[in-house]
Amino acid sequence: ADVALDSRNRHLFTRQNNPAQVAAASDRAVDLFRSARHHRETALALQSAGQAYQAAGDASRAEDRLTRAKKSLAAQGEKTP
């Protein structure tokens, strides 16, 4: 239920053009997916957080989340750009 709520919040904040809140909701989703051992969803939430942090102008956090997402997806055998 918590993951579904954070997913809805991410979509709502995206529509409201509020990247800082999208990033925060994505980070919460990362924690929830990680604790449930949903590795692909964790990586995708990290990617979402990274993109949102970029849009919010937080380059350090963006780089961290995007790097972690790329490594996670690669470890799962997915090709990343």
Side-chain angles (χ1 to χ4, degrees):
D2 290 332
V3 172
L5 178 61
D6 277 331
S7 178
R8 284 192 301 268
N9 285 344
R10 281 186 290 162
H11 294 296
L12 174 66
F13 297 143
T14 299
R15 283 195 309 268
Q16 293 174 345
N17 196 25
N18 193 330
Q21 287 185 318
V22 172
S26 295
D27 277 343
R28 287 190 300 274
V30 167
D31 292 338
L32 294 168
F33 284 131
R34 184 183 302 120
S35 68
R37 298 184 186 267
H38 292 217
H39 303 295
R40 185 169 195 288
E41 290 83 358
T42 300
L44 295 176
L46 280 166
Q47 192 173 52
S48 175
Q51 292 165 348
Y53 279 121
Q54 277 181 331
D58 190 335
S60 176
R61 284 188 176 140
E63 182 179 351
D64 172 71
R65 300 325 187 265
L66 292 171
T67 299
R68 289 168 51 200
K70 186 174 183 176
K71 287 179 182 180
S72 178
L73 289 169
Q76 296 171 55
E78 293 195 35
K79 293 186 179 188
T80 58

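Quick note: residue numbers are just sequence positions, from 1.
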S.K.: Considering residues, nucleotides and ligands other than Gln76, do more than 12 of their heavy atoms fall under 6.0 Å from its CD?
M.R.: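 More than 12 heavy atoms, drawn from other residues, nucleotides or ligands, come within 6.0 Å of this atom.
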S.K.: Measure the spacing between OG1 of Thr42 and CG of Leu73 and express it to the nearest 0.5 Å.
M.R.: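 Rounded to the nearest 0.5 Å, the OG1-CG separation comes to 10.0 Å.
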S.K.: My understanding is that a hydrophobic cluster links ILVMFWY residues whose side chain heavy atoms are under 4.5 Å apart, including indirect links. Using that, what else belongs to the cluster containing Leu66?
M.R.: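 For Leu66, no cluster forms, as it stays isolated from other hydrophobic side chains.
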S.K.: Measuring only between side-chain heavy atoms, which start at C-beta, is Val22 closer than 4.5 Å to Gln51?
M.R.: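 Of all side-chain heavy-atom pairs linking Gln51 with Val22, none is under 4.5 Å.
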S.K.: More than 12 non-hydrogen atoms from neighbouring residues, nucleotides or ligands closer than 6.0 Å to CZ on Arg61, yes or no?
M.R.: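 No, not enclosed.
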S.K.: Where do Gly50 and Ala62 come nearest, in terms of heavy atoms and distance?
M.R.: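 Of all heavy-atom pairs spanning Gly50 and Ala62, the closest is O-CB, 3.4 Å.
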S.K.: Using 0.5 Å steps for rounding, measure from the CG atom of Leu46 to the CG atom of Asp64.
M.R.: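 Between atom CG of Leu46 and atom CG of Asp64 there are 8.0 Å.
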S.K.: Quick one: NE2 on His38 to CZ on Arg40, what's the gap to the nearest 0.5 Å?
M.R.: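 Taking NE2 in His38 and CZ in Arg40, the distance rounds to 13.5 Å.
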S.K.: Does any N or O in the side chain of Thr67 come within less than 3.5 Å of the main-chain N or O of Glu63, such that one atom is a donor and the other an acceptor?
M.R.: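 Flag set: sc Thr67 to bb Glu63 pair under 3.5 Å.
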S.K.: Is there a donor-acceptor pair closer than 3.5 Å between any side-chain N or O of Ser48 and the backbone N or O of Leu44?
M.R.: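 Not a single qualifying donor-acceptor pair exists.
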S.K.: Using every non-hydrogen atom in the two residues, find where Ala43 and Ala69 come nearest and quote the distance to one decimal.
M.R.: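 Looking at all heavy atoms of both residues, the closest pair is O-CB, 3.4 Å.
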S.K.: Could you go through Leu32 and Glu41, starting from their C-alpha distance and side-chain angles, then the distance that decides it, and tell me whether this counts as side-chain contact (heavy atoms from CB on, under 4.5 Å)?
M.R.: CA-CA 10 Å; Leu32 294 168; Glu41 290 83 358; over 6 Å; no
S.K.: So that I can tick it off, tell me whether Arg34 and Asp31 are bridged by a salt bridge, with the cut-off set at under 4.0 angstrom between side-chain N and carboxylate O.
M.R.: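 Between Arg34 and Asp31 there is a salt bridge, with a charged N closer than 4.0 Å to a carboxylate O.
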